[in-house]
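The structure appears right after this line, and notes come after that.
Whatever order the structure lists them in is the order used to number ligands and atoms, beginning at 1.
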Amino acid sequence: MGLHAQRRAVVGAGAGRVGVVQERIRIGIVGCGRIADLQCLGYLAHPRAEIAAVCDVDESLAQRRAAAWGAPRVYADLEQMLADSEIDAVDILTPHHLHETHATAALAAGKHVSLQKPPTRTLAEFDRLTRVSEQTGLTLRIFENFAFYPPHRKAKDLVDAGAVGEPLSVRIKTAAGRLGDGWEIAPQTQAWRHDTETCGGGPTTFDHGYHCFNMGRFFMPEEVERVHAFVHWTEFAPNVRIDGPALITWKYAGSVPRYGSWEVIASLAMRVRSDYYASDDRIEIHGSEGILWVNRCAGKLLDEPAVVLYRDGETRAFHDLACDWAESFRLGGIDFVDALLEGRTPDQTAADARRTLAFALAAARSAEEGREVALSELPGRAESVIGAG
Ligand SMILES: NC(=O)c1ccc[n+]([C@@H]2O[C@H](COP(=O)([O-])OP(=O)(O)OC[C@H]3O[C@@H](n4cnc5c(N)ncnc54)[C@H](O)[C@@H]3O)[C@@H](O)[C@H]2O)c1
């Protein structure tokens with residue numbers, strides 16, 4: 001039986017809908033740039049998924065990806081890929097200024113969507129998009145891969161099990177290292193990130209920041225209430241600036257005093273060992289009875305166990321974890337396919353993503369205005385479409 005015959009087992013119009021039996025999930029990937037190297041992993045690994053089509057305005061790049069992934073169809077125009085009835089879901093890996101348009105078009109064409117972080121540049125864009133997903137009843141998954149990284153998952157399980165007692169503080173440190181180490185990053189991949197109009201904010205504190213703000217929320221039982229940010233822009237090449245160093249602090253809601261911080265150190269002369277970006281993130285979760293450290297993420301900066309727990313005078317190291325950053329993408333892709341097959345909500349939901357986006361935007365506003373910003377100052381969902389978002 002060929003692939004097309006197998007697909008006849010699919011019943012109904014949408015994989016996430018109640019009562020639908022879906023045998024395989026056929027993915028169309030739009031945006032075949034740098035991160036597509038990792039985003040493909042879950043779909044290639046899942047026995048009930050296939051990359052059915054790829055799309056990129058750079059058609060030769062799309063052709064190369066299709067050949068590498070065994071994708072049968074190639075498009076240079078998203079509208080044409082969306083007209084392909086042999087696609088159930090679209091994975092969107094395009095620059096941020098295109099996210100709302102691309103995700104809305106995919107939902108309107110009846111496709112489920114996985115959308116890379118940060119989902120949109122503003123809350124207004126985000127709220128328009130989530131309205132469309134609600135109207136269609138299709139799945140809109142925001143993909144934040146740090147939440148799938150096994151050392152982060154392990155730390156979260158330990159925190160939830162009470163390993164550090166009451167979690168009181170989260171501290172994140174990002175070491176941005178020397179350019180030219182790690183992955184090769186094409187100039188066109190950098191160009192849209194260094195333009196705040198197309199990126200939506202700084203390449204460090206907004207683009208990468210979405211992950212760190214999400215981690216600021218991930219381990220704590222309360223939401224973030226207020227934030228303060230110092231962000232310095234460093235010129236590291238003629239007319240190219242990055243938003244670091246930066247120091248961002250926040251307070252969580254609730255009666256227990258809890259604080260968090262994220263520091264970006266622009267150590268641009270330092271070699272950061274990495275198979276991916278030449279930067280690395282470390283996280284410390286300090287509780288009433290113990291401390292947890294996650295010692296690595298995208299890089300391999302510290303040659304230490306990925307997760308270490310201190311409690312009751314003893315230090316325990318967790319060595320047996322899949323630490324390659326690519327694993328977070330593989331697991332995230334698998335979760336999206338499983339969620340569609342099972343008709344459940346995948347991680348990260350729109351409501352959850354909105355909170356992380358609001359946190360990131362509040363930090364950006366704080367840095368711009370030089371004052372502490374309460375997240376309640378940002379527009380709520382109903383008002384966002386008429387405000388600046
Ligand atoms: N989770 C992570 O850690 C992580 C890491 C890197 C990038 N990302 C996200 O992935 C997305 C892509 O980032 P990247 O680094 O791969 O960027 P990139 O510039 O390397 O790739 C983007 C691709 O989109 C294509 N494209 C642009 N406009 C298009 C259009 N209208 N139709 C079809 N294709 C179009 C470009 O030709 C390019 O190949 C962004 O949302 C980014 O934030 C996430």
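Side-chain atoms of K156 come within 3.5 Å of backbone atoms of F218 as a donor-acceptor pair (strictly under, hydrogens ignored). Of the possible donor and acceptor atoms, one in the side chain of R217 sits under 3.5 Å from a partner among the backbone N and O of D352. Judged by distance alone, the side chain of D127 and the main-chain N or O of S384 form no donor-acceptor pair under 3.5 Å.
When only non-hydrogen protein atoms are considered, atom 20 (O) of ligand 1 lies nearest to T189 OG1, 2.5 Å. Nearest to atom 21 (O) of ligand 1 among the protein's heavy atoms is G33 CA, 3.3 Å. Here the heavy atom of the protein found nearest to atom 24 (O) of ligand 1 is G31 CA, 3.5 Å. What sits closest to atom 12 (C) of ligand 1 on the protein, heavy atoms only, is L93 O, 3.2 Å. Atom 27 (C) of ligand 1 has as its closest protein heavy atom P95 CD, 3.8 Å.
Note on ligand 1: Q39 sits outside its first shell, no heavy atom being nearer than 4.0 Å. No heavy atom of L78 sits closer than 4.0 Å to any atom of ligand 1. By the 4.0 Å heavy-atom criterion, F143 is excluded from the residues contacting ligand 1.
When the side chains of ILVMFWY residues are joined at heavy-atom separations under 4.5 Å, either directly or via intervening members, F359 and F230 end up in two distinct hydrophobic clusters. At a threshold of 4.5 Å between side-chain heavy atoms, the hydrophobic network of Ile, Leu, Val, Met, Phe, Trp and Tyr places V240 and I242 in one connected group. The cluster map of Ile, Leu, Val, Met, Phe, Trp and Tyr, joined by side-chain heavy atoms under 4.5 Å apart, puts I283 and L309 in the same cluster.
Between Y277 and ligand 1, no N or O atom pair is found at a separation short of 3.5 Å. For Q116, a nitrogen or oxygen atom sits less than 3.5 Å from a nitrogen or oxygen atom of ligand 1, counting backbone and side chain alike. Looking at I35 next to ligand 1, an N or O pair under 3.5 Å apart turns up. Below 3.5 Å of separation, one finds no N or O of Q188 facing any N or O of ligand 1.
Heavy-atom proximity to D207, at under 4.0 Å, picks out these atoms of ligand 1: 43 (O). Atoms of ligand 1 found under 4.0 Å from any heavy atom of H211 (numbered from 1 in listed order, with element): 1 (N), 2 (C), 3 (O). Residue R193 approaches ligand 1 through these ligand atoms, each under 4.0 Å from one of its heavy atoms: 6 (C), 7 (C), 13 (O), 14 (P), 15 (O), 42 (C). Within ligand 1, the atoms closer than 4.0 Å to a non-hydrogen atom of H99 are 41 (O), numbered from 1 in the order shown. Atoms of ligand 1 lying under 4.0 Å from at least one heavy atom of H96, given by number and element, are 40 (C), 41 (O), 42 (C), 43 (O). Remark: ligand 1 atoms within the under-4.0 Å shell around heavy atoms of F329 are 1 (N), 2 (C), 3 (O). Of all atoms in ligand 1, numbered sequentially from 1 with element shown, those under 4.0 Å from a heavy atom of W325 are 3 (O). Close approach to L61 involves these atoms of ligand 1, each under 4.0 Å from a residue heavy atom: 39 (O).
Between L107 and T139, the shortest heavy-atom distance links the atoms CD2-O, 4.0 Å. Minimum heavy-atom separation, A36 to R65: CB-NH2, 3.9 Å. Shown here for M81 and I87, the closest heavy-atom pair between the two residues is CG-CD1, 3.5 Å. For the residue pair W325 and A298, the shortest heavy atom distance occurs at CG-CA, 3.5 Å.
With sequence neighbours left out, W69 forms a ring-ring contact (aromatic ring centres under 6.0 Å, His included) with no residue at all.
For atom 25 (C) of ligand 1, the nearest non-hydrogen atom from the set D56, I29, V30 belongs to D56. The residue from Y276, W192, F148, F206 that puts a heavy atom closest to atom 17 (O) of ligand 1 is W192. Ranked by closest heavy atom to atom 26 (N) of ligand 1, the top entry among V57, T101, D91, L38 is V57. With T198, I185, L98, N145 as candidates, the residue nearest to atom 2 (C) of ligand 1 on a non-hydrogen basis is N145.
Contact check on D335 versus R344 returns a salt bridge, with a Lys/Arg side-chain nitrogen under 4.0 Å from an Asp/Glu carboxylate oxygen. The pair R381-E134 counts as a salt bridge, with a side-chain nitrogen and a carboxylate oxygen less than 4.0 angstrom apart.
Heavy atoms of H102 found under 4.0 angstrom from ligand 1 belong exclusively to the side chain.
With rounding to the nearest 0.5 Å, the separation of CG in L44 from CD in Q39 is 11.0 Å.
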